[in-house]
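Beneath this line is the structure, given in structure tokens, with notes to follow.
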Amino acid sequence: MSDELSPEMKKEMYWMMLLARRLDERAWVLHRQGKIAFHISGIGQEAAQVGAAFALQRGVDWVTPYYRDLALMLSLGYTPRHFALSLYGKREEPSSGGRQMPSHWGYKPANAVSHSAPVATQASHAAGIGLAIKLNGESKVVLSTIGEGSTSQGEWYEAVNWAAIHNLPVIFMVENNMYAISVPVAKQMAVPSAADKACGLGLDGRKVDGTDVFAVYAMMQELVAKARNGGGPSLIEARMYRITPHSSDDDDRSYRSREEVDEAKKSDPLLVGKRQLEAEGLLSEADLESMEAKAKDMVDDAIQYAEAAPYPEVAEGEYPVYAEEVRHA
Ligand SMILES: Cc1ncc(C[n+]2csc(CCOP(=O)(O)OP(=O)(O)O)c2C)c(N)n1
Ligand SMILES: [Mg+2]
């Protein structure tokens, strides 16, 4: 665990993971109740996301996140209300006025760029932003996240290669959750880790336990500092397990056993984080109870808010998606 983190920061990181988890769980319930059309979950990936986000300068650095990054986004200031608005496709949703799919993010105050549905396109966006930062002489970095399966895409190699050639301030974080929908990681890559791909592209490749929020934070801090000081890009593989089905439309019983999932739940990042904080005497039963109560209140509030919020007007379907002055005219 990083010594540089104060007890308050450690608790804050645990809180972010807990809030993301409770919000995510509620989205599954809303889907099963028929209230929302789609959910894609970050359950099991919160530690990597929170650890990475806390190593950034929020609102200064850039992120090109991918669809499982709810905990990352909440750590950057995106709120449960924003997320609920996206689940319901409401007008006030910040990425696109309710036109993007849920979990496709996009949040200007956090310099978070909405991604396209084709996987790996965000890596090219990150390389481009990295080049702009370099040309402008700014002291900023880009965090670009992706699933391990998507690192098979040609576009991903092109983006990482390009960032390496031009020494761009980009950290490519692979959230290796062992599956790409139904395809296990062994059928996705011949190397043991996505980090091993770095040596063929000429950048720093690191592996970290993606269930340990403090380990991810410590490694990210180092890589962010390196990128910020002109040391170039890095590739980091955070390993974890996708505890839920791929999405609300997937039945994972057709390709993996319940025993496998139950075994993986023993390394649930929330459990790991709780044990770490308890071992340091930083988390009492009372702390946990009050965090749970606060999370429930925030999730209830977000859903109520989104349910009451207006949908976009039909005429807005013809408006540009990203020109806000027109969208909110
Ligand atoms: C170019 C492209 N091919 C296929 C898909 C369909 N698709 C969406 S998510 C996904 C799996 C990606 O797996 P991984 O990168 O491991 O991310 P995870 O969902 O496991 O977090 C696939 C195949 C897509 N969106 N884009
Ligand atoms: Mg995956």
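Both ligands and their constituent atoms are indexed starting at 1 by order of listing.
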Check: every ligand 1 N/O to protein N/O pair under 3.5 Å:
{"from": "ligand 1", "atom 1": "15 (O)", "to": "Gly147", "atom 2": "O", "distance (Å)": "3.3"}
{"from": "ligand 1", "atom 1": "15 (O)", "to": "Gly149", "atom 2": "N", "distance (Å)": "3.3"}
{"from": "ligand 1", "atom 1": "15 (O)", "to": "Ser150", "atom 2": "N", "distance (Å)": "2.8"}
{"from": "ligand 1", "atom 1": "15 (O)", "to": "Ser150", "atom 2": "OG", "distance (Å)": "2.5"}
{"from": "ligand 1", "atom 1": "16 (O)", "to": "Glu148", "atom 2": "OE1", "distance (Å)": "3.1"}
{"from": "ligand 1", "atom 1": "16 (O)", "to": "Glu148", "atom 2": "OE2", "distance (Å)": "3.0"}
{"from": "ligand 1", "atom 1": "16 (O)", "to": "Gly149", "atom 2": "N", "distance (Å)": "2.9"}
{"from": "ligand 1", "atom 1": "16 (O)", "to": "Tyr179", "atom 2": "O", "distance (Å)": "3.1"}
{"from": "ligand 1", "atom 1": "17 (O)", "to": "Tyr67", "atom 2": "OH", "distance (Å)": "3.2"}
{"from": "ligand 1", "atom 1": "19 (O)", "to": "Tyr67", "atom 2": "OH", "distance (Å)": "2.7"}
{"from": "ligand 1", "atom 1": "19 (O)", "to": "Arg68", "atom 2": "NE", "distance (Å)": "3.4"}
{"from": "ligand 1", "atom 1": "19 (O)", "to": "Arg68", "atom 2": "NH2", "distance (Å)": "2.8"}
{"from": "ligand 1", "atom 1": "20 (O)", "to": "Asn177", "atom 2": "OD1", "distance (Å)": "3.0"}
{"from": "ligand 1", "atom 1": "20 (O)", "to": "Asn177", "atom 2": "ND2", "distance (Å)": "2.9"}
{"from": "ligand 1", "atom 1": "20 (O)", "to": "Tyr179", "atom 2": "O", "distance (Å)": "2.6"}
{"from": "ligand 1", "atom 1": "21 (O)", "to": "Tyr66", "atom 2": "OH", "distance (Å)": "2.6"}
{"from": "ligand 1", "atom 1": "21 (O)", "to": "Arg68", "atom 2": "NE", "distance (Å)": "2.7"}
{"from": "ligand 1", "atom 1": "21 (O)", "to": "Asn177", "atom 2": "ND2", "distance (Å)": "3.1"}
{"from": "ligand 1", "atom 1": "25 (N)", "to": "Ala117", "atom 2": "O", "distance (Å)": "2.9"}
{"from": "ligand 1", "atom 1": "26 (N)", "to": "Val119", "atom 2": "N", "distance (Å)": "3.0"}

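- If you chain together ILVMFWY residues whose side-chain heavy atoms come under 4.5 Å of each other, Trp62 ends up grouped with Val113, Ile129, Leu131, Ile133, Leu135, Val142, Ile146, Trp156, Tyr157, Val160, Trp162, Leu168, Val170, Phe172, Val174, Leu201, Leu203, Leu235.
- Enclosure of atom CD in Gln33 by more than 12 non-hydrogen atoms of other residues, nucleotides or ligands within 6.0 angstrom is indicated.
- Among the backbone and side-chain atoms of Tyr179, an N/O/S atom is found under 2.8 Å from the Mg ion (ligand 2).
- Cation-pi check for Lys294 over Trp15 is met; the charged atom lies under 6.0 angstrom from the ring centroid and within 45 degrees of its normal.
- Asp300 pairs by the salt bridge (Lys or Arg N to Asp or Glu O under 4.0 Å) definition with Arg26, Lys296, not counting sequence neighbours.
- Ring geometry, Tyr255 versus Tyr179: the interplanar angle falls from 30° to 60°, so the pair is classed tilted.
- Judged by a 6.0 Å distance limit and a 45° cone about the ring axis, Arg91 is not positioned over the six-membered ring of Tyr88.
- Remark: at the Mg ion (ligand 2), atom OE1 from Glu148 and atom OD1 from Asn177 enclose 90°, rounded to the nearest 10 degrees.
- Residue pairs satisfying the side-chain hydrogen bond (donor to acceptor under 3.5 Å, both in side chains) criterion with at least one member in residues 125-142, sequence neighbours excluded, are absent.
- In summary, no N, O or S atom of Asn176 is located under 2.8 Å from the Mg ion (ligand 2).
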